[in-house]
There are 2 protein chains.
Amino acid sequence: MSNLFADLPNALPEELVSVLVENGGVRIERIVSNGQNSPEGFWYDQAEAEWVVVLQGEALLQFEDQPSVRMKPGDFIDIPAHQKHRVEWTVPDQPTVWLAVFYGAPIRSA
Amino acid sequence: MSNLFADLPNALPEELVSVLVENGGVRIERIVSNGQNSPEGFWYDQAEAEWVVVLQGEALLQFEDQPSVRMKPGDFIDIPAHQKHRVEWTVPDQPTVWLAVFYGAPIRSA
């Protein structure tokens, strides 16, 4: 058994991504941010849907052509595939812990 | 956007299961226990694997032929398909909030 809040670094040059489960159609990740945000003008544009929850800290999630969303502990959102989004801001004075479940990737033909 | 800790009932006749995502190969559920446990002698025996984390409260998870596991907030465990398990105990004085991701179900033939 492991704990999502264990081994939280207090300073990080970039986000820390730990893959907890990877199994065909699903990937579960813990992501730790320490005040990081996405580069200006960068958008995530993913082939998978992403269900994501903030478990600690706080973040501002920006969407293309949609209002930004401020996320506090327990807040979750389901981001459809190819919904462009970026992390506008995470709280600088403590680690923000995200849990993300990626799913529904298109089946690749051989 | 919704919150995993919203609308937590303080007394429940049985566990409260909310399906947050259901999409082919994956199902994400919030489960709220209020001191419930699995009936004596009952085992979950699932065709899917289950990744599960306790986010609030406390629980004791029992496995067939394996030591029980006490789970506190942030503790997570990945239960393989058909690993028999049951909830031995949840803390009685507050809601225990679980987040469960079911995945890897066998593909059913038509």
Side-chain angles (χ1 to χ4, degrees), chain A residues 1-8 18-30 32 47-63 66-81 83 85 95 97-108, chain B residues 1-8 18-30 32 47-63 66-81 83 85 95 97-108:
Chain A
M1 189 172 63
S2 308
N3 190 287
L4 291 176
F5 304 111
D7 305 320
L8 289 183
S18 310
V19 176
L20 308 178
V21 165
E22 183 153 28
N23 180 293
V26 69
R27 190 174 72 260
I28 305 177
E29 293 181 353
R30 181 187 82 163
V32 182
E48 306 153 303
E50 178 181 356
W51 183 92
V52 64
V53 60
V54 167
L55 296 179
Q56 179 185 307
E58 199 172 333
L60 192 63
L61 212 53
Q62 188 184 2
F63 296 92
Q66 283 188 36
S68 294
V69 172
R70 184 144 192 164
M71 298 183 73
K72 299 189 179 190
D75 286 339
F76 65 87
I77 195 164
D78 194 29
I79 306 173
Q83 166 69 61
H85 62 283
V97 180
W98 312 75
L99 183 75
V101 182
F102 298 87
Y103 66 93
I107 293 163
R108 272 172 268 185
Chain B
M1 189 172 63
S2 308
N3 191 286
L4 290 176
F5 305 111
D7 304 320
L8 289 183
S18 310
V19 177
L20 308 178
V21 166
E22 184 152 28
N23 179 292
V26 68
R27 189 173 72 259
I28 304 177
E29 292 181 354
R30 182 187 81 164
V32 182
E48 306 152 302
E50 178 182 356
W51 183 92
V52 65
V53 59
V54 167
L55 296 178
Q56 179 184 306
E58 199 173 333
L60 193 63
L61 212 53
Q62 188 183 3
F63 296 91
Q66 284 187 36
S68 293
V69 172
R70 185 145 192 163
M71 299 184 73
K72 299 188 176 189
D75 287 339
F76 64 87
I77 196 165
D78 193 30
I79 307 172
Q83 166 69 60
H85 61 282
V97 180
W98 313 75
L99 182 75
V101 181
F102 299 88
Y103 67 94
I107 293 163
R108 271 172 270 185

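To find a chain, count down the sequence lines: A is the first, B the second, and so on, and within it residues start at 1.
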Next item on the list: Check whether any side-chain heavy atom of B:Ile28 lies under 4.5 Å from a side-chain heavy atom of A:Val101, and answer yes or no.
Entry: yes
Margin query: For chain B, which candidate among A:Leu55, A:Leu20, A:Ile77 shows the most heavy-atom pairs at distances under 4.5 Å?
Written below: A:Leu20
Next item on the list: Quick one: do A:Leu4 and B:Val53 satisfy side-chain contact (heavy atoms from CB on, under 4.5 Å)? Show the steps, please.
Entry: CA-CA 8 Å; A:Leu4 291 176; B:Val53 59; 3.7 Å; yes
Check: Side chain, backbone, both or neither: which part of A:Arg70 has a heavy atom under 4.5 Å from chain B?
Finding: backbone
Check: More than 12 non-hydrogen atoms from neighbouring residues, nucleotides or ligands closer than 6.0 Å to CG on A:Asn23, yes or no?
Finding: yes
Notebook entry, point to check: Which heavy atom in B:Val69 sits nearest to a heavy atom in A:Met1, and how many Å separate them?
Noted result: CG1-SD, 3.1 Å
Notebook entry, point to check: Relative to chain A, which segment of B:Asp78 carries a heavy atom at a distance below 4.5 Å: side chain, backbone, both, or neither?
Noted result: side chain
Next item on the list: Count the heavy-atom pairs under 4.5 Å between each of B:Phe5, B:Phe76, B:Tyr103 and chain A, then report the option with the highest count.
Entry: B:Phe76
